[in-house]
There are 2 protein chains.
Amino acid sequence: MKSAHADELDTAERLLATASRLFYAHGARAVGVEWIVAESGVAKTSLYRHFHTKDDLIAAFLEREDREFWTQWDKVVKAVAGDPRRELMALLDWIGQRVSRDGYRGCPQINVAAEFSDRDHPARTIRARHKAAMFERLKALTRRIGTRQPDDAAYQIALLVDGAFTSDGRLSRVGATRILQSAARALLGGERVRGEPSRARTKSRGRRRRVAGTAPQ
Amino acid sequence: MKSAHADELDTAERLLATASRLFYAHGARAVGVEWIVAESGVAKTSLYRHFHTKDDLIAAFLEREDREFWTQWDKVVKAVAGDPRRELMALLDWIGQRVSRDGYRGCPQINVAAEFSDRDHPARTIRARHKAAMFERLKALTRRIGTRQPDDAAYQIALLVDGAFTSDGRLSRVGATRILQSAARALLGGERVRGEPSRARTKSRGRRRRVAGTAPQ
DNA sequence: TGACGACGCTACCGATCGGTATCATGATGC
DNA sequence: GCATCATGATACCGATCGGTAGCGTCGTCA
């Protein structure tokens with residue numbers, strides 16, 4: 001619906017893709033607009049036609065990361081949908097793989113927001129919204145799981161996840177997925193009522209089935 | 001042993017104190033040397049006589065933070081020394097208070113290291129050393145506690161701590177210390193052998209005594 | 001054919017970046 | 001008194017920062 005050759009990437013998308021790559025790899029303040037212009041092959045004037053300021057471009061980058069993150073989250077959940085425990089394990093597996101990727105440099109929301117001290121900077125507000133959404137999703141999950149004090153468990157799992165994001169390769173060297181999943185199991189199962197049987201949740205449909213890509217222990 | 005008025009702060013110390021405050025509050029790249037010079041009241045020439053480059057100043061800042069962090073850590077441990085569980089709980093209480101302070105803006109090692117993509121940048125190497133030291137100390141603690149798979153538990157607690165560091169005020173609003181300590185208890189106690197009594201570690205000297213500043217639950 | 005819109009190119013803006021050279025000042029130790 | 005040393009003040013460096021103005025070009029659509 002645009003013009004000319006619709007097969008090629010839109011100018012704004014090319015800019016945003018290049019800016020996102022550079023911002024993530026080097027930090028928002030470390031990347032000047034000239035660098036983005038040179039790398040994307042788009043004129044600087046065009047950059048400022050689509051994004052009025054560099055901060056707008058940074059905001060667009062974080063919004064884009066936010067959307068892609070939840071898209072993948074939903075995809076992971078959908079693949080094992082039904083048992084909330086399996087959903088959580090699959091999510092932790094996905095995050096474990098994510099932080100183990102080559103070139104992984106942490107959570108873009110955390111990294112970029114840390115570069116700006118102004119509380120009203122878009123990077124700060126977008127991060128806040130992103131992390132609040134993360135907690136809400138985890139809370140919904142722990143409630144469905146039926147843990148005692150599900151909100152606390154959700155916070156604790158969020159801590160594990162953010163910790164994994166900032167682990168800078170340390171976690172992946174010892175098995176990120178394994179560490180995350182076993183921690184979550186301890187947090188969810190460790191608060192059960194004394195005397196209650198330790199394994200075997202009551203609603204046991206398909207229990208203890210392995211999640212794709214999940215280490216047995 | 002220096003000169004003139006020894007009661008006043010040394011020039012280098014004044015510079016480093018000002019630079020540390022600004023670097024932490026605004027980020028290393030956001031703070032120019034002119035700003036540090038203006039804020040500290042020290043001439044720019046003096047800055048470069050003590051710190052050859054801005055990167056040197058950044059490195060000195062992180063080294064300073066590292067030293068102060070472990071100094072406080074040791075102090076917290078010393079106050080309750082003896083029972084490793086109580087040491088861990090006291091440390092988590094300290095961290096819970098730390099991340100709840102006004103103006104807390106996350107772990108300086110994590111924040112500043114994220115601003116530099118060069119793996120050889122001092123911020124990157126100092127952070128790596130700092131986080132490795134954190135893991136070693138936690139590992140020593142979990143081993144003394146006698147947890148099953150103490151290395152895994154140490155990693156998991158490190159994730160909680162780094163997650164708390166990056167929580168940006170979210171954690172403190174729900175009780176940082178409480179969340180951290182209950183998570184650690186679950187991680188340490190959740191792996192006990194099936195059938196074994198759930199509370200009451202065998203070496204029970206002074207067990208279940210409250211740690212200063214610790215919430216009952 | 002002619003208007004329009006999206007884009008690229010070049011040249012430029014003032015401000016700030018990290019870093020240096022030069023010289024004056026003032027206190028210390030001998 | 002004199003040499004030494006740490007510091008301050010000023011002026012400057014080239015490079016880069018985010019951002020803009022002006023103009024030419026090309027494809028689309030009526």
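Chain naming here is simple, since letters A, B, ... match the order of the sequence lines and numbering starts at 1 in each.
Across all non-hydrogen atoms, the minimal contact from A:Glu65 to A:Pro108 is OE1-CG, 3.7 Å.
Two residues are said to be in side-chain contact when any heavy atoms from C-beta on lie closer than 4.5 Å; B:Val42 and B:Ile36 fail this criterion. A heavy-atom distance below 4.5 Å is not found between the side chains of A:Pro150 and A:Arg144. The side-chain heavy atoms of B:Arg127 and B:Leu62, taken from C-beta on, include no pair separated by under 4.5 Å. Annotation: side chain of B:Arg129 is in contact with side chain of B:Glu63 (closest heavy-atom distance under 4.5 Å).
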Before you tell me yes or no, could you show the steps for A:Leu88 and A:Leu92 under side chain to side chain contact (heavy atoms under 4.5 Å, CB included), namely the whole-Å CA-CA distance, both residues' side-chain angles and the distance that decides it to 0.1 Å?
CA-CA 6 Å; A:Leu88 178 59; A:Leu92 294 177; 4.2 Å; yes

Could you walk me through whether B:Glu115 and A:Asn111 pass the side chain to side chain contact (heavy atoms under 4.5 Å, CB included) check?
CA-CA 8 Å; B:Glu115 294 192 72; A:Asn111 289 353; over 6 Å; no

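Of the residues near DNA chain D, B:Gly41 and B:Lys44, the one whose nearest nucleotide (by heavy atom distance) lies more toward the 5' end is B:Gly41.
Aromatic ring centroids of A:His26 and B:Phe116 lie 6.0 Å or more apart.
The closest side-chain donor-acceptor pair between B:Gln156 and B:Asp152, if any, does not fall under 3.5 angstrom.
Rounded to whole angstrom, the span from the CG atom of A:Leu47 across to the P atom of C:dT10 amounts to 17 Å. Taking atom CG of residue A:Leu15 and atom P of nucleotide C:dA6, one finds them 15 Å apart after rounding to whole Å. For the pair B:Asp10 CG and D:dT7 C1', the computed distance is 12 Å after rounding to whole Å. Atom C1' of nucleotide C:dA6 and atom CZ of A:Arg14 are separated by 13 Å, given to the nearest angstrom. One interatomic measurement links the two molecules: CG of B:Asp56 to C1' of C:dT20, which rounds to 16 Å at whole-angstrom precision.
For D:dG19, one of the phosphate oxygens OP1 or OP2 lies less than 4.0 angstrom from a side-chain nitrogen or oxygen of A:Tyr48. Here A:His50 does not reach the OP1 or OP2 of C:dA6: none of its side-chain N or O atoms lies under 4.0 Å away.
Comparing atom distances between the B:Ala43 side chain and each of D:dG19, C:dC9, D:dA9 picks out D:dA9 as nearest.
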Taking only N/O atoms, report every protein-nucleotides 21-26 of chain D pair under 3.5 Å with atom names and distance.
none

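A heavy-atom distance below 4.0 Å to DNA chain D is reached by these residues of residues 26-35 of chain A, ordered by number: A:Val31, A:Gly32, A:Val33, A:Glu34.
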